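Since the structure is predicted, the reported quantities are computational estimates derived from the model, not experimental observations.
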Amino acid sequence: MKLNKKKLRQIPVWPATEDLVRLAIRTPQPDWFVCAWHHQFTPEKEVLQLDFHSRENLLHHQPEYLNPVFRVFLNKKDYISQTIKDRKWKTGSISSMVTGYPSWEWTRKCAVVDAESQQLLEEFTGSTEPLKAIDKLQEDIMKQRLAIKHKAITDAIDAQMNRVPPIPENFTPWVEEQALLSSRYIVYHYRKGRKQMNGHCTWCGQDVIVTEPRHDKSGTCPSCESTITYKAAGKMRARRWSEWRTVALIQPMLPTTTTKKQDKPEFVVRLFNVCRDFKGDKGILLATSNTKHYEIRRTIHNGTEYETYDWAAFKNTGKVRWCEYSIRGLYERNIDNKTILYPEGISEALHGTPFEYSALEKYAIHRPEFAFNIHQYLAVYVIHREMEYLVKRGLSYYIADCMERGGIGYTPDKFTSLKNDEISLLKQIDGGRDALLFYRRMKHYGMKIVPEQIKRLASMTQCEEDILKIAAHHAGLVKIMNYIEKQTHGKEKTETTFQNWTDYVEVCSKLKYDISNHFILFPRNLEEAHDTTFKRWDVKRKKAEAARERREQKKIAKLYPQIMEKYAMETAKYIITAPESADQLVKEGQELHHCVSNYISRMARKECVILFIRKKEEPDTPFYTMEIAGGKVRQCRGMRNKDTDQEKVIKRLLDKFEKEKLAAPPEKLKEAM
């Protein structure tokens, strides 16, 4: 029987009696005092009222503190609480009101104030420990409420799930043969000095003889003619391992069972985890005959909106079923990022939706086992409808590359800026963004190259502008790449060798070497030439730095008289002076632990003036350092960059300095040469 809040609100609030106040003063425990009241609205409707007084409030002995903090109304099937101060209704348990969190220990913090209240509680609960009985009653009522709430949620979910069609018959064979296409191996027993070796195909299950196999290299099974990967039995240490894929299926949603007309056609994207197990038996791997796949997620699209459900534990019940999935966006779900899409039935599922002409089916099959984020593709299509045209022109790899680099917002050419010759090239070489950028820069420098080489060269050069300039003016790009491959030894990557060569060429330019000379540009031993050149540059750099420091020392020393004449100042306690040399700036920074030494070059170029603030009794001890630029005090720092705001005396000194020394327009210092 549900409680009537309108009637309950009319019950007056009864303040604590004098006896209750004296009881609170007299006893250090408990924290809460409970008064019980009985209300009989009708013969069938009786309500028990519990008033909870805080001992802390009662100790104030002031009228505003005598009211209960909250009161609870309950019968055998329902309860509700009301806070007295703001008169708000609460559905939480008494425990959460008393302790702030669910706990049966709240009964220890409470005491019934008199025998009359105790009797009412015992009669209502039928227990000699009525507060514990009420706690149990509340718990049962909360479970019933939660069950009703959960049923409403699960019924709505089940109504949606009942509209999901059955899995197509061809889906399981497709998972076996296409989604796990690269998961086929021939495990062979290596025999030194032999060309032919015994092996076992995990796909067809036949023992075969293979010729000159190499571990982790591709080949063809002599029995089933499948493309396989060779695995040497001696290197397969695990007796068992599994390979996983995420696959997806798109289907149209079934119509609703109600008579209400469905406004928009809907489709569902279903995600499955696929697992293929491999077992070891004396060095031979055998594939299990049943590849497992189970559904983990369903996303129902209605136009451009969607609802997502996961196969997971429902709330805190521990029951595994379809549940609502709540997250800020589909793009934060890593499980969606690499999904292989079942190609059949996509056109029928998307018919009548905003994605009908998205070319998703053609995009999904542009290469075997292509894994991508389906929801991301659909979202980008809504923004860039021209994707359909590009997919149909064969630029699926280019689109995938753009989206993989930066999601929806990353469309470097807005797709529409592609020219016909660029589209033809990208289709021919199945190229991505790097290949396009490389091709455009080659055209800028008037270079020509075989299209088949563009993709490889673009990945090696990283489309660096300087390298293309060198290739355009001093050597062909193919010659550079051939040189890099020749200089790559052992396990070193061509990218590493290429970076070493570009560093070498950069230093050669700094040393004024003639890089148009191929003897310089392509040394016989790149590693040796790289080290020798860098040593020479290091020596030259140190000499240049030493010469620069000497020039700065002379400039600062010559500026010293002018700075002193213009900015030197003395008060009763402090003096303001200038550095006589760059060494004094270095010492100042070291002793005060700040970075004034970085201002040596700027002071030598007259971009600023550095001044020292000293205490009069300690003229040689660094105290504060000041920078003047543009006729103003730009900053003033003490020990460890301490600001002047912490020193009122220094603040007043700076104000005096600005009035006396900086009020007039700044005079330009004479050239210190």
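- How far CG of Leu271 is from OG1 of Thr299: 7.0 Å, rounded to the nearest 0.5 Å.
- Considering only residues two or more places apart in sequence or on other chains, Glu422 meets the side chain to side chain contact (heavy atoms under 4.5 Å, CB included) condition with Leu418, Lys419, Leu436, Tyr439, Arg440.
- A parallel orientation is assigned to the rings of Phe522 and Trp501, their planes being inclined by less than 30° (bins at 30° and 60°).
- Looking only at atom types and distance, the side chain of Arg245 has no donor-acceptor partner in the side chain of Thr291 under 3.5 Å away.
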Go through Arg385 and Glu388 one step at a time and tell me if the salt bridge (Lys or Arg N to Asp or Glu O under 4.0 Å) criterion holds. CA-CA 6 Å; Arg385 301 279 181 172; Glu388 175 200 2; over 6 Å; no
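- Scanning for side chain to side chain donor-acceptor pair (under 3.5 Å) contacts around Ser226 gives Arg184, with sequence neighbours left out.
- Taking the six-membered ring where the residue is Trp, the centroids of Tyr377 and Tyr363 are separated by under 6.0 Å.
- Between Tyr190 and Tyr188, the ring centre distance reaches or exceeds 6.0 Å.
- Between the side chains of Glu506 and Tyr504, no donor-acceptor pair of N or O atoms lies under 3.5 Å.
- Taking Ser223 as the reference, Cys204, Gln206, Val208, Cys221 meet the side chain to side chain contact (heavy atoms under 4.5 Å, CB included) condition, with sequence neighbours excluded.
- Under 3.5 Å, the side chains of Glu344 and Tyr342 contain a donor-acceptor pair of N or O atoms.
- Residues Glu369 and Gln178 bring no donor and acceptor atom of their side chains to less than 3.5 Å of each other.
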